[in-house]
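Here's the structure, in C-alpha cells; my notes come after.
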Amino acid sequence: MKIKVSVNFDFAKLSSKINDIINDYTFGYAKDSVQGTRNNIDKGIGTDGNKLQLGEKSYRSGQQALYNTGNMYKSLKSSGNTLTINRYGYGHNEGNFTIVKPPVSGTNVKNFIGTTENNKQKIDKKFMEDVNKALRSKG
C-alpha cells in the first residue's frame with residue numbers, strides 16, 4: 001500500500017509576501033481609523049462603548065466632548081500606515097496627564113481613537129484572504 005501526500009501550501013511564498021500583506025493591513029487600518037475616530041467623536045462614544053462626556057464643572061460643559069475648536073478633529077490624517085493626531089488628542093485618548101491637564105470629575109474622553117467595527121471586519125477579512133492566497137502553492 002502506497003500513501004501519497006501532497007502539500008497545497010507554501011510558507012516560503014508567504015514569507016516573501018508577508019511584509020506587503022502587513023503594510024496593506026496597517027495602511028487600511030490607519031486610513032479607516034480617521035473615519036472611525038471622527039465617527040466616535042461625532043456620536044460621543046469611545047471604542048470601549050463608554051460615553052464620551054465633559055464633567056459638570058468643565059468650562060465646556062454641555063458642549064460636545066473632544067470638539068471645542070475642531071483643531072484636533074481636523075488634525076486627524078493618515079499617511080501610509082500611520083495615523084496622525086494632535087499631541088493633546090493622543091494624550092486624551094490614552095488618559096496621559098503628562099500631555100494634557102487632568103480632566104475635571106465626571107469627564108471621560110478616553111479610548112476614542114479607532115476604526116469602525118464594519119471597517120475592522122472588512123480589513124481583517126482582506127488580511128486573511130491575502131495570507132491564504134500567499135500560502136497557496138501551485139501543486
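Computed from a predicted model, the values in this text were never measured in an experiment.
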Quick one: ring-ring contact (aromatic ring centres under 6.0 Å, His included) pairs with a partner in residues 67-94, sequence neighbours left out?
Tyr67-Tyr73

Suppose the criterion is ring-ring contact (aromatic ring centres under 6.0 Å, His included): which pairs have a residue in residues 6-33, not counting sequence neighbours?
Phe9-Phe11, Tyr25-Phe127

Contact summary for [X] and [Y], nearest pair of heavy atoms:
X: Thr115; Y: Lys120; answer: CG2-CB, 3.7 Å
X: Gly55; Y: Thr107; answer: N-OG1, 2.6 Å
X: Ala134; Y: Ile21; answer: CB-CD1, 3.9 Å
X: Gly89; Y: Met72; answer: CA-SD, 3.1 Å
X: Ala65; Y: Ile41; answer: O-CG2, 3.9 Å
X: Glu94; Y: Lys110; answer: O-CE, 4.2 Å

At what distance, to the nearest 0.5 angstrom, does [atom1] of [X] lie from [atom2] of [Y]?
X: Asn119; Y: Asn39; atom1: CG; atom2: CG; value: 8.5 Å
X: Asn118; Y: Gln35; atom1: CG; atom2: CD; value: 9.5 Å
X: Thr47; Y: Glu117; atom1: OG1; atom2: CD; value: 10.5 Å
X: Thr37; Y: Leu76; atom1: OG1; atom2: CG; value: 5.5 Å
X: Asn93; Y: Asn111; atom1: CG; atom2: CG; value: 5.5 Å
X: Ile85; Y: Lys77; atom1: CD1; atom2: NZ; value: 11.0 Å

Report yes if some heavy atom in the side chain of Asp32 is under 4.5 Å from a heavy atom in the side chain of Thr116; otherwise report no.
no

Contacts table for residues 13-20: side-chain donor-acceptor under 3.5 angstrom, sequence neighbours left out:
unit_1	atom_1	unit_2	atom_2	d
Lys13	NZ	Arg136	O	3.0
Ser16	OG	Lys13	O	2.8

Can you sort out the partners of Asp24 under side-chain hydrogen bond (donor to acceptor under 3.5 Å, both in side chains), two or more places apart, ordered by chain and number?
none

With sequence neighbours excluded, residues passing side-chain hydrogen bond (donor to acceptor under 3.5 Å, both in side chains) with Thr84
none

same_hphob_cluster(Leu66, Ile45) at 4.5 Å side-chain heavy-atom cutoff
no

Spell out, as yes or no, whether a donor-acceptor pair under 3.5 Å connects the side chain of Gln64 to the backbone of Gly44.
no

Under 3.5 Å: donor-acceptor pair, side chain of Asn108, backbone of Lys51:
yes

Taking only residues two or more places apart in sequence, or in another chain, which ones meet Lys126 in a salt bridge (charged side-chain N to carboxylate O under 4.0 Å, His left out)?
Asp130

